[in-house]
Amino acid sequence: MDSSMEQNILVTGGAGFIGTHTVVQLLKEGFKVSIIDNLDNSVLEAVDRVRELVGPNLSKKLEFNLGDLRNKEDIEKLFSKQRFDAVIHFAALKGVGESVGIPRRYYDNNLVGTINLYETMSKYNCKMMVFSSSATVYGEPKKIPCLFLEEIARDIHRAEPEWRIVLLRYFNPVGAHESGRIGEDPKGIPNNLMPYIQQVAVGRQPELNVYGHDYPTKDGSAVRDYIHVMDLADGHIAALRKLFTDPKIGCTAYNLGTGRGTSVLEMVAAFEKASGKKIPMKLCPRRPGDSTVVYASTEKAEKELGWKAKYGVDEMCRDQWNWTNNNPWGYQKKL
Ligand SMILES: NC(=O)c1ccc[n+]([C@@H]2O[C@H](COP(=O)([O-])OP(=O)(O)OC[C@H]3O[C@@H](n4cnc5c(N)ncnc54)[C@H](O)[C@@H]3O)[C@@H](O)[C@H]2O)c1
Ligand SMILES: O=c1ccn([C@@H]2O[C@H](COP(=O)(O)OP(=O)(O)O[C@H]3O[C@H](CO)[C@H](O)[C@H](O)[C@H]3O)[C@@H](O)[C@H]2O)c(=O)[nH]1
C-alpha cells in the first residue's frame, strides 16, 4: 500500500480480544506483524482465525511466537532475529478485581513484563511504542495500576527523549469483527457488561445482574462510552502512523472513545433489538468502585491522530451478536 509495506510491528498480547482485531487491520494495511503471547487469556484458534480472515497471502506476513514477557529471553529471542519498527503492547492481565485481589501476580505480569519489554526494545534501538491504557486512569484510586504504567512510559521518555510513545486510553471496548469469526471470549464468568449479556443471550448465564438502578442518570443505571473494537483497532493504526511521522510526539496520551454515553439499560435494549433475544435482568445494588458516568473527550484524537470512531451502539450490538450467535461457546468447540 505505502511505506508501511516495509514496517514490521511486534504485537504483544496479539492473540487476545483487542490484539486479534488490531492484527487483522495491521495486516490489511500492509504491515508485517509478529505476535508474542503466552496464551494465558487466549487460544491459538483466535490467531488461526485471523489468518483465515486475511487470507493466505497476508498470512505470510504474520508470525506467532509463544512467549511470556516475564521471561526476558523470550523477548530477546524475537529482537535478536529481526528488526521491529514499533511495538504495540497489549499483553497484560486486565481484571481490575485481580489487580486489587492478587496484586503480586498482577504486578509481576504487567509491571515486570512491561519493563522487560522496554529494556529489550531499548537494547535493540526500537523506541516506538503504542501502549494500551485505560479510561480507568480517570477513575477510582484503587484502579491506579494502569496510571502507574503510564508514569513509567513518561519517565522513560524523560530520561531518553528519543522514545516516541503513544498511550491509548480505551473507554469500553465491545463488538467484534463483522465476519463473526473473532470476538471476545473471556475465560470463566465475565466481569464486563457485554460479554455477560452475550452469555445470557445464548443461555450460558440465566440473567443479567444490573449493578445499580439508583444512579442520578436518566434511567438510574450507570453510563459508559462503549467503543466498537474495530474502531479501536483503527485507532492503533492511526497511532502508529503518528509515531512514524511525528518526531515531536514524545509521550502523548489519547482517548479512544466515541464521546457518547450509553446507560446499562440502553445497552441491553440495543442488544435485544439486534439479537431478537430477551435478556432477563435483575436489578442489583451498585458495584463497588463504579463511576456514575464515564465518557470520552475525543477532540485530541480527532485533531492529532485524524481518527474518529465510525460505529454506534447499534453496530456494536449487531457485531457482538453475530459473533455470539456463530460462536456461543467462544473459540471452544463445546463445553
Ligand atoms: N478490554 C477492555 O475492556 C480493556 C479496557 C482498557 C484497557 N485494556 C487493556 O488492553 C490490553 C488488551 O486487552 P484485551 O481486552 O485484548 O485483553 P486480553 O486478555 O484478551 O488480551 C491480552 C493478551 O495478553 C496475553 N498476555 C497476558 N500476559 C502476558 C504475558 N506476560 N506475556 C505474553 N502474553 C501475555 C494474554 O494471553 C492475552 O492474549 C490489556 O493491556 C488491557 O489491560 C483493555
Ligand atoms: O454484569 C454486569 C457487568 C457490568 N455491569 C455494569 O455495566 C457497566 C460497564 O461495566 P464493565 O465492567 O463492562 O466496564 P467498566 O466501565 O466497569 O470498566 C471497563 O472500562 C474501563 C474504562 O472505562 C476499564 O477499561 C476497565 O478495565 C473495563 O473493565 C457498569 O456500570 C457496570 O456496573 C452490570 O450492570 N452488570
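The structure displayed is predicted, hence computed values, not measured ones. Just so you know, these numbers use all the heavy atoms, side chains as well, and skip hydrogens, waters and symmetry mates. Indexing begins at 1, ligand by ligand and atom by atom, following the structure's order.
If you look at Leu39 next to ligand 1, the close heavy atoms, those under 4.0 Å, all belong to the backbone. With a heavy-atom cut-off of 4.0 Å, Asn192 touches ligand 2 through backbone and side chain alike. Only the backbone of Ser133 comes within 4.0 Å of ligand 1, counting heavy atoms alone; no side-chain atom from C-beta on gets that close. If you look at Asp225 next to ligand 2, there are no close heavy atoms at all, none under 4.0 Å. Here Leu193 has heavy atoms under 4.0 Å from ligand 2 in both its backbone and its side chain.
A donor and an acceptor atom, one from each side chain of Tyr226 and Thr258, are nowhere located under 3.5 Å apart. Between the side chains of Glu63 and Gln82, at least one donor N or O lies within less than 3.5 Å of an accepting N or O. No donor-acceptor contact under 3.5 angstrom links the side chains of Arg287 and Asn191, judged on distance only. For the 3.5 Å distance criterion, the side chains of Glu302 and Thr298 qualify, holding a donor opposite an acceptor.
Between Glu184 and ligand 1, no N or O atom pair is found at a separation short of 3.5 Å. For ligand 1, the polar-atom distance check against Tyr170 finds no nitrogen or oxygen pair separated by under 3.5 Å. Note: an N/O pair closer than 3.5 Å links Phe17 and ligand 1 by distance alone. Inclusion of Lys94 in the set of residues having an N or O under 3.5 Å from an N or O of ligand 2 is not warranted. For ligand 2, the polar-atom distance check against Ala135 finds no nitrogen or oxygen pair separated by under 3.5 Å. Remark: ligand 2 and Tyr196 share no N or O pair separated by less than 3.5 Å (distance only, no angle test). Some N or O of Asn172 is nearer than 3.5 Å to an N or O of ligand 2, by distance alone.
Among protein heavy atoms, atom 38 (C) of ligand 1 sits closest to Asp37 OD2, 3.5 Å. Scanning all protein heavy atoms for the shortest distance to atom 16 (O) of ligand 1 gives Ile18 N, 2.8 Å. Among all protein heavy atoms, the one lying closest to atom 14 (P) of ligand 1 is Lys94 NZ, 3.7 Å. Nearest protein neighbour of atom 32 (N) of ligand 1, counting heavy atoms only, is Leu69 N, 3.0 Å. Atom 21 (O) of ligand 1 has Gly16 CA, 3.5 Å as its closest protein atom, hydrogens excluded (heavy atom only). Of the protein's non-hydrogen atoms, the one nearest atom 4 (C) of ligand 1 is Pro173 CG, 4.0 Å. Nearest protein neighbour of atom 12 (C) of ligand 1, counting heavy atoms only, is Phe90 O, 3.5 Å. Nearest to atom 35 (C) of ligand 1 among the protein's heavy atoms is Asn38 OD1, 3.1 Å.
Below 30°, between 30° and 60°, or above 60°: for His89 and Phe131 the angle between ring planes is between 30° and 60°, a tilted geometry. Below 30°, between 30° and 60°, or above 60°: for Tyr118 and Trp163 the angle between ring planes is above 60°, a perpendicular geometry. Using cut-offs of 30° and 60° for the angle between ring planes, the Phe148 and Tyr107 rings count as perpendicular.
The Ser132 neighbourhood of ligand 1 comprises atoms 9 (C), 10 (O), 11 (C), 41 (O), with distances under 4.0 Å to a heavy atom of that residue. Heavy-atom proximity to Ser134, at under 4.0 Å, picks out these atoms of ligand 2: 22 (C), 24 (C), 25 (O). Under a 4.0 Å criterion applied to the non-hydrogen atoms of Leu208, ligand 2 contributes the atoms 1 (O), 36 (N). Ligand-side atoms of ligand 2 in range of Arg224: 9 (C), 15 (P), 16 (O), 30 (C), 31 (O), range being under 4.0 angstrom from any heavy atom. Residue Val210 approaches ligand 2 through these ligand atoms, each under 4.0 Å from one of its heavy atoms: 35 (O). Annotation for ligand 2: atoms under 4.0 Å from non-hydrogen atoms of Ala222 are 31 (O). Every atom of ligand 2 is numbered from 1 in the order shown, and the set under 4.0 Å from a heavy atom of Asn209 is 1 (O), 2 (C), 34 (C), 35 (O), 36 (N). Atoms of ligand 1 found under 4.0 Å from any heavy atom of Asp40 (numbered from 1 in listed order, with element): 37 (O). Near Ser134, meaning under 4.0 Å from any of its heavy atoms, are these atoms of ligand 1: 6 (C), 7 (C).
Arg181 places no side-chain N or O within donor-acceptor distance of the main-chain N or O of Arg49, the cut-off being under 3.5 Å. Asn192 places no side-chain N or O within donor-acceptor distance of the main-chain N or O of Met194, the cut-off being under 3.5 Å. Checking side-chain atoms of Trp307 against main-chain N and O of Asp231 turns up a donor-acceptor pair under 3.5 Å.
For atom 28 (N) of ligand 1, the candidate residues are Ile227, Asn109, Asn41; the nearest heavy-atom contact is made by Asn109.
Contact annotation: Gly67 has at least one heavy atom less than 4.0 Å from an atom of ligand 1. Remark: distances from the non-hydrogen atoms of Tyr226 to ligand 2 include one below 4.0 Å.
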* Might you work through the salt bridge (Lys or Arg N to Asp or Glu O under 4.0 Å) test for Lys94 and Glu184, ending with a clear yes or no? => CA-CA 13 Å; Lys94 64 178 173 175; Glu184 189 169 14; 3.4 Å; yes
* **Evaluation steps, side chain to side chain contact (heavy atoms under 4.5 Å, CB included), between Ile88 and Leu26** => CA-CA 11 Å; Ile88 303 182; Leu26 283 169; 4.0 Å; yes
* Going through the checks in order, is the salt bridge (Lys or Arg N to Asp or Glu O under 4.0 Å) test met by Arg158 and Asp155? -> CA-CA 5 Å; Arg158 235 172 261 136; Asp155 285 346; 2.6 Å; yes
* Asked: Can you list the steps and then say if Glu304 with Asp246 is a side chain to side chain contact (heavy atoms under 4.5 Å, CB included)?
  -> CA-CA 10 Å; Glu304 295 180 19; Asp246 184 354; over 6 Å; no
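Around OH of Tyr295, the count of heavy atoms belonging to other residues, nucleotides or ligands within 6.0 Å does not exceed 12.
In this structure, His236 has its ring center no closer than 6.0 Å to that of Phe31.
A salt bridge does not link Glu315 with Lys310: every distance from a Lys NZ or Arg NE/NH1/NH2 to an Asp or Glu carboxylate oxygen is 4.0 Å or more. Under a 4.0 Å N-O distance rule, the pair Arg241/Glu29 qualifies as a salt bridge.
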